Amino acid sequence: MSHNYATPLTPERRLARLMARIPDDWAIRIEKVADADGLLRWRAATGLPGVAPQWSAFHDTLPDALEAAWKAARVAPSGTS
């Protein structure tokens, strides 16, 4: 009988994994603010130093917001000033 030793990816583990993947010299900004409906939700921005980061859309969890911001920053053209 085989066993599955994989541990579930909890929000804490997912956040730690994202933080380990984002380069150390990138800026990270995280906010929990009210969206258009008045609900408190997460949004994040990350990117190269000296480049204005773009905020992610609102998300229910911090890891979702940070992942969206990181993915957007990775595909954004670098070297813009």
Side-chain angles (χ1 to χ4, degrees):
M1 175 186 280
S2 64
H3 296 281
N4 183 355
Y5 291 104
T7 57
L9 198 57
T10 63
E12 293 81 11
R13 286 180 182 252
R14 190 167 164 222
L15 183 58
R17 184 177 176 190
L18 284 164
M19 294 297 287
R21 290 182 168 189
I22 297 173
D24 290 338
D25 60 339
W26 281 30
I28 298 174
R29 297 182 67 190
I30 300 169
E31 291 184 343
K32 189 171 187 180
V33 295
D35 64 8
D37 297 325
L39 300 171
L40 286 177
R41 298 182 69 201
W42 293 100
R43 69 180 189 161
T46 185
L48 293 166
V51 177
Q54 297 294 318
W55 287 100
S56 70
F58 289 104
H59 293 273
D60 292 329
T61 67
L62 174 55
D64 287 341
L66 186 57
E67 184 172 18
W70 177 58
K71 284 181 178 181
R74 288 188 307 165
V75 298
S78 60
T80 57
S81 49

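Residue numbers count from 1 along this sequence. These numbers come from the heavy atoms of this one structure, side chains and all, not from hydrogens, waters or symmetry mates. Since the structure is predicted, the reported quantities are computational estimates derived from the model, not experimental observations.
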*Please check if W55 and F58 belong to a single hydrophobic cluster, counting links between Ile, Leu, Val, Met, Phe, Trp and Tyr side chain heavy atoms closer than 4.5 Å.*
no
Extract all donor-acceptor atom pairs below 3.5 Å that involve side chains of residues 20-32 and protein atoms in other chains or at least two apart in sequence.
| from | atom 1 | to | atom 2 | distance (Å) |
| --- | --- | --- | --- | --- |
| E31 | OE1 | R43 | NE | 3.0 |
| E31 | OE1 | R43 | NH2 | 2.9 |

*Report yes or no: does D37 contribute a side-chain atom to a donor-acceptor pair with the main-chain N or O of L39 at less than 3.5 Å?*
no
Quick one: side chains of residues 61-68, donor-acceptor pairs under 3.5 Å with protein atoms, not counting sequence neighbours, listed by atom name and distance.
| from | atom 1 | to | atom 2 | distance (Å) |
| --- | --- | --- | --- | --- |
| T61 | OG1 | D64 | N | 3.3 |
| T61 | OG1 | D64 | OD2 | 2.9 |
| D64 | OD1 | R14 | NH1 | 2.6 |
| D64 | OD1 | R14 | NH2 | 2.8 |
| E67 | OE1 | R14 | NH2 | 2.4 |
| E67 | OE2 | K71 | NZ | 3.4 |

*Closest non-hydrogen atom pair, P53 against A45*: CB-CB, 3.7 Å
*Could you name each residue pair satisfying salt bridge (charged side-chain N to carboxylate O under 4.0 Å, His left out) that touches residues 54-63, not counting sequence neighbours?*
R41-D60
*If you link ILVMFWY side chains whenever their heavy atoms are less than 4.5 Å apart, which other residues fall into the same cluster as L40? By chain and number, please.*
none
_Quick one: does any side-chain atom of T46 pair with a main-chain N or O of W70 as donor and acceptor, under 3.5 Å?_
no
